[in-house]
Amino acid sequence: MAKIKITFPDGNSKDYDSGVTGLQIAEGISKGLAREALAVEVNGEVWDLNRKITADAALKILKWKDDGGKYAFWHSSAHLMAAAVESLFPGTKFGIGPPIEVGFYYDLDMGDHTLTGEDLKKIEDRMVELSTKNDQYVREERNWEDAVSYFKEKKDPYKLELLEELKGQVITFYHSGAFTDLCYGPHLATTAPIKAIKLLSVAGAYWRGSEKNKMLQRIYGVTFPNTKELDEYLFRLEEAKRRDHRKLGQELEIFLLTPAVGGGLPLWLPKGTIIRENLVDFLRIEQKKRGYDFVMTPHIANLDLYKTSGHYPYYKDSQFPPITMPDGEQYMLKPMNCPHHHQIYSVKPRSYRDLPVRLAEFGTVYRYEQSGEMNGLIRVRGFTQDDAHIYCAHDQLKDEITSTVELTQLVFKTFGMEVKIRLSYRDDKNVEKYGGDAAFWEQAQREIKEVADEMKLDYFIGIGEASFYGPKIDFMVKDALGRTWQLGTVQVDYVMPERFQLEYTASDGKKHRPVIIHRAPFGSLERFIGILIEHFAGEFPLWLAPVQAAVLPITDQYAEYAKEVIAQMKDAGVRAEFDDRNEKIGYKIRDWELKKVPYMLVVGEKEKSSNTVSVRQHKKGDLGAMSREAFIAKVADLVHQKSLTL
RNA sequence: GCUGAAGUAGCUCAGUGGUAGAGCAGCGGUUUCGUAAACCGCAGGUCGUGGGUUCAACUCCCACCUUCAGCUCCA
């Protein structure tokens, strides 16, 4: 028997008989490891535990804590679900059933049958039943013709369509129990580790993600090696719902969405407006420090402006339709601020000495999002960008990108938010979606990557995520339910300067085109605040808190003193409210705790006679008595620091 | 836009064909109280909208609107 050499992650290696499986290797190391093993990584590729290894390889045993292990676990769970569905609903056609970030799904064509909550429960129960049978996941290689005839017999058009693209290749099947699937794997050895199962939801999904195709039913599920982990996961899901900005936005009176105004058109309530104005002030100051000039532009513009920019043909469907005047003139609600700013750049001849010109505006724009797309403050039809356009000479470009990225990072650091950075490139297979020629794109993409590398940014690349006029550096954040959203963005644009014939006179006396950087650190104030509500779970840092302190007299005998306190607070710029309701102190405290107000100032006989306030901190409790001046100084200090803690 | 689910008081929710309910919030009163819910009372609804079936519809049927989950899209 031929020997092969297996190298482990710690660098040690050992010889095995050729054809040894990952499971056998794990068993050779320890029983415990074999029990926990879910899959193996062979030369960087995730394999089944039962697959024979026939050549020298670097090998890692994958357990639940490894992504590859989870991947195999959930992939196998998807098959288990499919097996359950097939046994309960014979004749179901199967689309695809992959693992996802958390859990898995399977797309199903069930003809006329629409899945109900009871169906889901039945499928779940059947999965539990099947999992206890410890069926093996068996990998089988077949030639292409065999595979086609198998699915022809099964009358599954989806698998046949998938096979069309694998023509001529060796096809792998996986069997588990009575269920057989076209699948590249990898899978668990048996169904045994799948102990805790929960089917979460059913939703429609287009076959292969295209609107033109039939819509299938997609079941989302999640499984775990034990019920404890499942319970923890379900608990976290509930926690996330408690943080949902739509719920908190209503409870804390931050914003209002009403059909009376229209979908995706939020109204800012007084408390929300305080948050928003503080954010705007923060960024206005930071931008002024960095040499930005503020401008203001109207909400509508002549349609021709967007024909010049090229936005109109590219994004016609996602804009509100033009307003047509009796004389035939047409206006657009502005979907972006750039064309307006380009006009301001062009107000006079520019010299290289003027550059960079940095024009900033908190500009409100309108986009016609599809009706199913609106989502609280996070996806809206009218929103305000913290927009700016930097017009610079080419040799200034990288410095300007660097400083805009630094500004964006400062923003997220101020809020203690973790962001992922994506370099958004164009999709070379789909060039008609983009403006400008290939050379511009190549150059711009190289430039942002150079900056990202020089700044040692931790980034990933998103093909096809560029805007139509240039590549971007995007800052992505997750919401409470784990959906990722783009917030800040920095974009390089060589296209608009051409279209708008933007120029400056260089030191050589000749006309040159500037390069434009489009950038928005928050992205949209609406989305940013939506994410911020979830990030802080409604417990805003003091500088943003709509109400910073509530003054609570013990009884109405101390109302006079309380009035004095509140007047002094307001005078010192503390956002304070007076709770003069005829209620017991415990009631008032509970109420202001639920409103997540950072401080409560309790005043009674003690405080009145010593000219102090008793400070109670949100979620922490009584801090004891403090002079009024000391409290004001404390608030001023925390606000000045933009402290994240009280 | 597509698929599915849901819409009852300001909020959270109960109500399966026979006169619309509760808790909280609000308002009035009593109480004057020391760190997460005092007590009594009052008021509050075109049951999303419109049509239909029925002696009778919150309840059954149809259409539309809105919201939610997902898909598609996303400057």
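Proteins get letters first, then strands, A, B, ... in listed order; numbering begins at 1 in each. If you're wondering where the values come from, they're calculated on a predicted model, not measured in any experiment. We use all heavy atoms of the structure for the numbers below, so side chains are in, but hydrogens, waters and symmetry mates are not.
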Fill in: Within 45° cone and under 6.0 Å: A:R381 NZ/CZ vs A:Y368 ring
yes
Look through every strand shown and name the nucleotide pairing with [N] as Watson-Crick or G-U wobble, where both distances are under 3.5 Å.
N: B:G44; result: none
N: B:C73; result: none
N: B:A6; result: B:U66
N: B:C39; result: B:G29
N: B:C11; result: B:G23

Would you indicate what [X] reaches in the nucleic acid, counting non-hydrogen atoms under 4.0 angstrom: base, sugar-phosphate, or nothing?
X: A:E607; value: base
X: A:R483; value: sugar-phosphate
X: A:Q486; value: nothing
X: A:R381; value: nothing
X: A:Y206; value: base
X: A:R218; value: sugar-phosphate
X: A:Q250; value: sugar-phosphate

Worksheet item: When you match A:A466 and A:V603 each to their closest nucleotide on RNA chain B, which lands nearer the 5' end?
Response: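 Whichever sits nearer the 5' end wins; that is A:V603.
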Discussion item. Check this for me: does the side-chain of A:R367 come within 3.5 Å of the base of B:C74 through a donor and an acceptor?
Written reply: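 Between B:C74 and A:R367, which were checked side chain against base, a qualifying N/O pair under 3.5 Å is absent.
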Worksheet item: Using a cut-off of less than 4.0 Å, is there contact between a side-chain N or O of A:Y220 and OP1 or OP2 of B:U3?
Response: no
Worksheet item: Quick one: are A:R519 and A:V405 in side-chain contact, heavy atoms under 4.5 Å?
Response: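 A:R519 vs A:V405: side chains apart.
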Discussion item. Assess whether a salt bridge exists between A:E526 and A:R367, defined as any Lys/Arg side-chain N lying under 4.0 Å from an Asp/Glu carboxylate O.
Written reply: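 Not counted as a salt bridge, because no side-chain N and carboxylate O are separated by less than 4.0 Å.
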